[in-house]
**Q** 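Below you'll find the structure I mean.
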Amino acid sequence: MDEVWVVRQDRRRHELLRAKLLEAAGWQAAGEGAFMARARHLEPLGRAASHLAAARASAAQLELFAEELRLAQAALSEITGEFTADDLLGEIFSKFCIGK
């Protein structure tokens, strides 16, 4: 790393120091819409995108539309962790006092 001399009142030197520190840390500015993903996440993300595109194409047929959305959610669950319809119902009914 190059040397950077900093004077308290010299704002340009502060910016130069900041740039050099970011460069040394390996930081790169990401463009709009860019995101970081682990390699193991890329396949499920690709499958989810494919299922969402298929859902968009089959919007007139509700059964196919719903199935494609379910498959997209299943692909994303590989990344985020499983949350099934039974989990959702359990969450909903855990808030109610039934039979008491």
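By convention here, the first residue in the shown sequence is residue 1.
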**Q** Over all heavy atoms of both residues, which pair between Ala75 and Ala48 is shortest? Give the atoms and the distance, please.
**A** CB-N, 3.9 Å

**Q** To the nearest 0.5 Å, tell me how far Ser77 OG sits from Leu71 CG.
**A** 11.0 Å

**Q** In chain order, what residues pass the side chain to side chain donor-acceptor pair (under 3.5 Å) check against Glu78, with sequence neighbours excluded?
**A** Arg47

**Q** State the CG-CD distance between Leu64 and Glu68, to the nearest 0.5 angstrom.
**A** 7.5 Å

**Q** Are Leu76 and Leu52 linked, directly or through other ILVMFWY residues, by side chains that come within less than 4.5 angstrom of each other?
**A** no

**Q** Return the set of residues passing side chain to side chain contact (heavy atoms under 4.5 Å, CB included) with Glu15 (not counting sequence neighbours), or none when no residue passes.
**A** Arg11, Arg18

**Q** Considering non-hydrogen atoms only, spot the tightest contact between Phe65 and Ala55 and give its length.
**A** CD1-O, 3.0 Å

**Q** Filter on salt bridge (Lys or Arg N to Asp or Glu O under 4.0 Å), then keep only pairs touching residues 50-67, sequence neighbours left out; what's left?
**A** Glu67-Arg70

